[in-house]
Number of protein chains: 2
Amino acid sequence: MSLATDTADQPTLYKRIRADIEKRILTGEWPPGHRIPFEHELVARYGCSRMTVNKALSELAQADLIERRRRAGSFVRRPQHQSAVLKIADMRAEITSLGRSYGYELMHRKLRTATAADRQRLGVKKAGKVIAIACRHSADSVPFAVEDRLIDLSSVPDAANADFSCEPPGSWLLHHVPWTEAEHTISAIVADDRTAEALDIAVGAPCLVIDRYTWRSARTITAVRLLYPGDSHRLVARFKGG
Amino acid sequence: MSLATDTADQPTLYKRIRADIEKRILTGEWPPGHRIPFEHELVARYGCSRMTVNKALSELAQADLIERRRRAGSFVRRPQHQSAVLKIADMRAEITSLGRSYGYELMHRKLRTATAADRQRLGVKKAGKVIAIACRHSADSVPFAVEDRLIDLSSVPDAANADFSCEPPGSWLLHHVPWTEAEHTISAIVADDRTAEALDIAVGAPCLVIDRYTWRSARTITAVRLLYPGDSHRLVARFKGG
DNA sequence: TTGACTTATATGTCTAGACATATAATCGTG
DNA sequence: CACGATTATATGTCTAGACATATAAGTCAA
């Protein structure tokens, strides 16, 4: 084994100090709550100036691995809870960022007085006007996702005049309506006849489903259901923990 | 108003420099790709030593707000787009919070030297030891999700001694190992024979798939694949936007 | 025992230098 | 023009100090 050459080839001193401490925390040798050696002790151990160990400890503190308290010392923090930031840019950005050409096709648009089903979906009681939209997003001319959306016109009156034949409703809303809250529900289904045709996949093929509800201060703006071919599309959420 | 005394009461110089730059980035005054002033220019502007502006810029770099390139300068990074906070607590919390009883069953556990496939999955080059685990989570004695996990022992040596026959590896890791970064990939598949049996669903039924990779400062900790019955389970992400 | 005051100390910030190192830009050559 | 060598320069790291500041701990009086 040519591994474990811990001492040699360290990039820089402060990084080595940081890595050393990090290792002890990760292995559990220094459990949460454990007091890390004082700066002056680390200075003695590594034979460097205080600024060098301070830089190592400051970075560990910025990364929330340790907590520093004046006069008391530095302490290992408890591991953080899990939460992920799920990035869902608008569809055009999502597709073009993959280096593929974006295509959009409005399949259906209807302005109507909200039906009972519409009201339930939007979570509103009054029967105002809504726009129902069905459209398809494609990447390199291959169906990427189909969208089934309902917009509450009493919350977004301007949407009645928007031209959704060229601009996807998601983009339009993103650029015209600020939102304060949203909820995503992710599930999986198998494609029925209609979905299979729209996505150009086989009946019975897996589909990833994202339902998104968007509000602005307790007022529903829009409800959208996105269907992705489940075996080809992957929704990636990269995030920083803390 | 006694507030808004911007110039007075500044905490420290480097924090003020950091806040100034952060503000310009967040307001869009300095868009992504924009080169922020060189250190020596900031030194002149703020009348301080280089170490002070260096500390401010280093922290912005650690926070991924800017990117620093030798000889070239420091540049504003692309900001994150729309994002949702997807909370995925550990499985026990997820199930008990639904008011259902949690059940756990270790199906398979093996400590081995990383195979080529393991290394690729973990994104590591060196062939260290890994633990491969397969287990099942159930709610009210009904299969809820099956888990297929790989833990990199060179990152989490203690995991070799953990008893995963009673405690789910996710819980153990959550309580023993802090993470800094993770990536989720969500997709959908239809159940094959083995999956169908493990989840007690029909072959060909939809399954929601979550692949999660977790790192601690560029070091892979674990890779896990979770399979949920797609028609019964719903993954909810509620979040606040701007 | 409790509260107020004092002190010791670990971290927080800062300086004015130094040398190292990666690399964009320039220059020179075939 | 293409390509390798050289140079200039911005960042990366480090030092040996300094003073500031929050606060744990000790002290003392009510």
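Throughout, protein chains are lettered first and strands after them, A, B, ... in sequence-line order, and every chain is numbered starting at 1.
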Notebook entry, point to check: If we only count heavy atoms from C-beta on, is the A:M91 to A:I95 side-chain gap below 4.5 Å?
Noted result: yes
In whole angstroms, the gap separating P of C:dG12 from CG of A:L57 amounts to 8 Å
Exercise for review: May I ask you to evaluate whether A:S74 reaches the phosphate of C:dA10, defined as a side-chain N or O under 4.0 Å from OP1 or OP2?
Suggested key: no
Less than 4.0 angstrom from a charged side-chain N to a carboxylate O is my criterion; do B:D148 and B:R225 meet it? no
Taking the side chain as C-beta and beyond, is there a heavy-atom pair between B:F164 and B:I133 under 4.5 Å?
yes
note: A:R35, atom CZ; C:dT11, atom C1'; distance rounded to Å ~ 13 Å
With sugar-phosphate taken as primed atoms, P, OP1 and OP2 and all else as base, the protein-contact string of nucleotides 16-26 of chain D at under 4.0 Å (heavy atoms; B, S, -) is B-B--BSBBS-
Please state whether the rings of B:Y102 and B:H137 are parallel, tilted or perpendicular, taking 30° and 60° as the class boundaries. tilted
Per atom distances to the A:Y14 side chain, the nearest of D:dT11, C:dA10, D:dT13 is D:dT13
B:N54 CG to D:dA10 P, in whole Å, measures 14 Å
Notebook entry, point to check: Does atom CD of A:E105 have more than 12 heavy-atom neighbours from other groups under 6.0 Å away?
Noted result: yes
Rounded to whole Å, CZ of A:F38 lies from P of C:dA8 at a distance of 17 Å
May I ask you to say what B:S58 touches in the nucleic acid, namely base, sugar-phosphate or nothing, with a heavy-atom cut-off under 4.0 Å? nothing
Q) Within 45° of the axis and under 6.0 Å from the centre of the six-membered ring of A:F75, does NZ or CZ of A:R69 qualify? A) yes
At less than 4.0 Å, is any side-chain N or O atom of B:K15 found next to OP1 or OP2 of C:dT13? Yes or no. yes
